[in-house]
Amino acid sequence: MKALVTGISGFVGSHMAEFLLAKGVEVAGTIRQRSRMEHIAHIEQDIKLVECELRDPISVEQMMDRERPDLIFHLAAQSFVPTSWNSPIDTIHNNVAGQIHLFEAIRRFGLSTKVQIACSSEEYGQVEPNEVPIREDNPLRPLSPYAVSKVAQDYLAYQYYKSYGIHVVRTRTFNHTGPRRGENFVTSNFAKQIAEIEKGLRPPVIHVGNLQAKRDFTDVRDVVRGYWLALEAGTPGECYNIATGSCCTIEEMLNLLLSLSDVKVDIQEDPLRMRPSDVEILLGCSAKFHADTGWKPEIPFRQTMTDLLNYWRGK
Ligand code: GDD
């Protein structure tokens, strides 16, 4: 069994690779010339790295012709919401074109590859108070170019399943975090600030954006187990929420992190961290995913945040 992980050097990609190796699966993964390798340095000997620019159809076609994987975990994406406002077209192009090129290569070579598409709870966007916990049949009301790119990925996956019978499973993952989370994302950003304050590298002031948003956080290690189960037991063509079913405000998340440290800090709102429109609440129902695959989250949030803080402490 051979799996291809797109974006293998990224946060989720590196955890996916570790999970697959532990399962005894042969792992290949796409990287780009400018990819940073620190997240996969410890497993580089055990995986095959293939240079591939997903936005380039020829590059994807050549890679797929060589690799012909049984499974694809399509994790490569521009995944930071604020970046999508700075350059909407880059996010749309990057996220949508890469996926089309993968699907077209599967079609061209007549492969029976099973494909997991990493969609997002951001697709739900504007959620009404009576719509939580959010189920898969909730309307999609995206509030950022990033969210629109994920809606496009989601519906393209559905369309390629319907039109050509490609075995596609769409996962709409709610926020996820853990060791190696990029420093722009809120959990890592706050954990890194705290770790630096602990070391005396910065004054005891935490810079924050909108603390009132509510998010449902799953540990990345539970998420990659979910992606595996999605292809093992999920129904082709379906979409599934991956979420814990409980949420907290960003302020509560910050307080949890602070409770794991001895530092005393001031909290300062930074206008540059506020968004043109922010999703108020994302709280997911993953009953459908549980029913089809047996998945449920196993790692408590406190453990995830402890591991994240220790990651930034360098432990
Ligand atoms: N990044 C960041 N930095 N966010 C902050 C900050 C800050 O200093 N302060 C408050 N926030 C708020 C944001 O406004 C948002 O409401 C929430 O914290 C989470 O922000 P992010 O961690 O940047 O994640 P996201 O919710 O925008 O998107 C993440 O989750 C999606 C799934 O719902 C990303 O991982 C996406 O790729 C993923 O699809």
Side-chain angles (χ1 to χ4, degrees), residues 1-10 12-13 16-17 19-21 23-32 35 47-79 91-120 123 136 148-173 223-224 226-240 242 289 292-293:
M1 168 94 67
K2 176 171 173 180
L4 177 79
V5 180
T6 68
I8 197 166
S9 60
V12 185
M16 190 78 236
F19 178 89
L20 292 167
L21 288 173
K23 282 253 168 228
V25 174
E26 186 186 340
V27 180
T30 65
I31 50 166
R32 290 187 289 191
S35 293
I47 58 183
K48 178 177 178 193
L49 295 176
V50 245
E51 221 177 278
C52 177
E53 173 50 69
L54 291 170
R55 286 175 299 190
D56 173 5
I58 308 293
S59 177
V60 174
E61 195 176 289
Q62 288 172 346
M63 179 276 292
M64 286 291 286
D65 192 17
R66 279 195 310 270
E67 300 306 322
R68 297 176 176 255
D70 303 297
L71 310 174
I72 294 180
F73 297 93
H74 182 39
L75 309 180
Q78 191 307 95
S79 65
T91 297
I92 301 280
H93 185 221
N94 190 74
N95 294 359
V96 177
Q99 181 171 317
I100 291 179
H101 297 151
L102 281 172
F103 281 151
E104 284 298 309
I106 289 171
R107 257 165 46 81
R108 181 178 167 86
F109 299 119
L111 305 178
S112 52
T113 310
K114 294 181 179 182
V115 190
Q116 173 264 344
I117 297 293
C119 302
S120 166
E123 292 172 52
E136 289 82 352
V148 173
S149 79
K150 287 287 160 181
V151 171
Q153 283 192 246
D154 194 321
Y155 283 163
L156 273 165
Y158 175 78
Q159 180 251 310
Y160 271 79
Y161 165 72
K162 282 294 203 186
S163 304
Y164 308 115
I166 294 178
H167 184 125
V168 180
V169 180
R170 297 169 281 153
T171 47
R172 291 185 188 155
T173 309
V223 168
V224 297
Y227 291 167
W228 168 261
L229 288 172
L231 290 190
E232 215 180 39
T235 305
E238 282 301 324
C239 66
Y240 295 102
I242 299 186
F289 193 46
D292 280 14
T293 69

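All of these numbers come straight from a predicted model, not from anything done at the bench.
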Scanning both residues in full, the closest heavy-atom pair of Thr293 with Gly234 reads CG2-N, 4.0 Å
Go through the structure and list residues passing salt bridge (Lys or Arg N to Asp or Glu O under 4.0 Å) with Glu26, not counting sequence neighbours.
none
Backbone N/O of Gly7 and side chain of Thr30: donor-acceptor pair under 3.5 Å:
yes
Rounding to 0.5 Å, atoms CD1 (Ile72) and CG (Leu111) come to a distance of 8.0 Å
Residue pair Ser149 / Val96: nearest heavy atoms and the distance that separates them:
O-CG2, 4.0 Å
Would Met64 and Ile106 count as a side-chain contact (heavy atoms from CB on, under 4.5 Å) if you check the C-alpha gap in whole Å, the side-chain angles of each, and the deciding distance to 0.1 Å?
CA-CA 8 Å; Met64 286 291 286; Ile106 289 171; 3.6 Å; yes
Please evaluate residues Glu104 and Tyr164 with respect to the criterion side chain to side chain donor-acceptor pair (under 3.5 Å), reporting the C-alpha separation (whole Å), side-chain torsions for both, the decisive distance (0.1 Å), and the verdict.
CA-CA 10 Å; Glu104 284 298 309; Tyr164 308 115; 5.0 Å; no
Heavy atoms of Leu54 and Ala76 approach each other most closely as CD1-CB, 3.5 Å
List for me each residue that meets salt bridge (Lys or Arg N to Asp or Glu O under 4.0 Å) alongside Arg66, sequence neighbours excluded, and say none if there are none.
none
With sequence neighbours left out, the residues meeting ring pair (Phe, Tyr, Trp, His ring centres under 6.0 Å) with Phe289 are Tyr240, Trp295
Nearest 0.5 Å please: distance from the OH atom of Tyr160 over to the CD1 atom of Ile117.
11.0 Å
Between the CG atom in Leu102 and the CG atom in Leu4, the distance rounded to the nearest 0.5 Å is 7.5 Å
Which atom of Pro236 lies closest to which atom of Val169, heavy atoms considered
CA-CG2, 4.3 Å
Euclidean distance, Leu156 CG relative to Ile100 CD1, rounded to 0.5 Å:
4.5 Å
Quiz question: by atom type and distance under 3.5 Å, do the side chains of Gln153 and Lys150 form a donor-acceptor pair?
yes
Could you list the residues that satisfy side chain to side chain donor-acceptor pair (under 3.5 Å) with Arg108, not counting sequence neighbours?
Glu61
Does Ser112 have any side chain to side chain donor-acceptor pair (under 3.5 Å) partners at least two apart in sequence or in another chain, and if so, which?
none
Shortest non-hydrogen contact between Leu75 and Ala118, atoms and distance:
CD2-CB, 4.0 Å
Listed by chain and number, what are the side-chain contact (heavy atoms from CB on, under 4.5 Å) partners of Glu53, not counting sequence neighbours?
Arg32, Arg55, Asp56, Ser59
Ring pair (Phe, Tyr, Trp, His ring centres under 6.0 Å) filter on Tyr155, not counting sequence neighbours, yields none
Residues two or more places apart in sequence or in another chain: which of them pass side-chain contact (heavy atoms from CB on, under 4.5 Å) with Leu71?
Met1, Ala3, Phe73, Lys114, Trp228, Leu231
Partner set under salt bridge (Lys or Arg N to Asp or Glu O under 4.0 Å) for Asp65, not counting sequence neighbours:
Arg68
Side chain to side chain donor-acceptor pair (under 3.5 Å) involving Glu67 - partner list, sequence neighbours excluded:
Lys2, Lys48
What heavy-atom pair brings Gln78 and Asn94 nearest, and what distance separates the two atoms?
N-ND2, 3.3 Å
If the condition is side chain to side chain donor-acceptor pair (under 3.5 Å), which residues does Arg170 pass it with, not counting sequence neighbours?
Asp154
Gap between atom NE2 of His74 and atom CG of Asn95 - 0.5 Å precision
7.5 Å
Contacts of Ala97 meeting side-chain contact (heavy atoms from CB on, under 4.5 Å) (sequence neighbours excluded), chain-then-number -> His93, His101
Interatomic distance, OG1@Thr113 vs CZ@Phe103, rounded to 0.5 Å, equals 10.5 Å
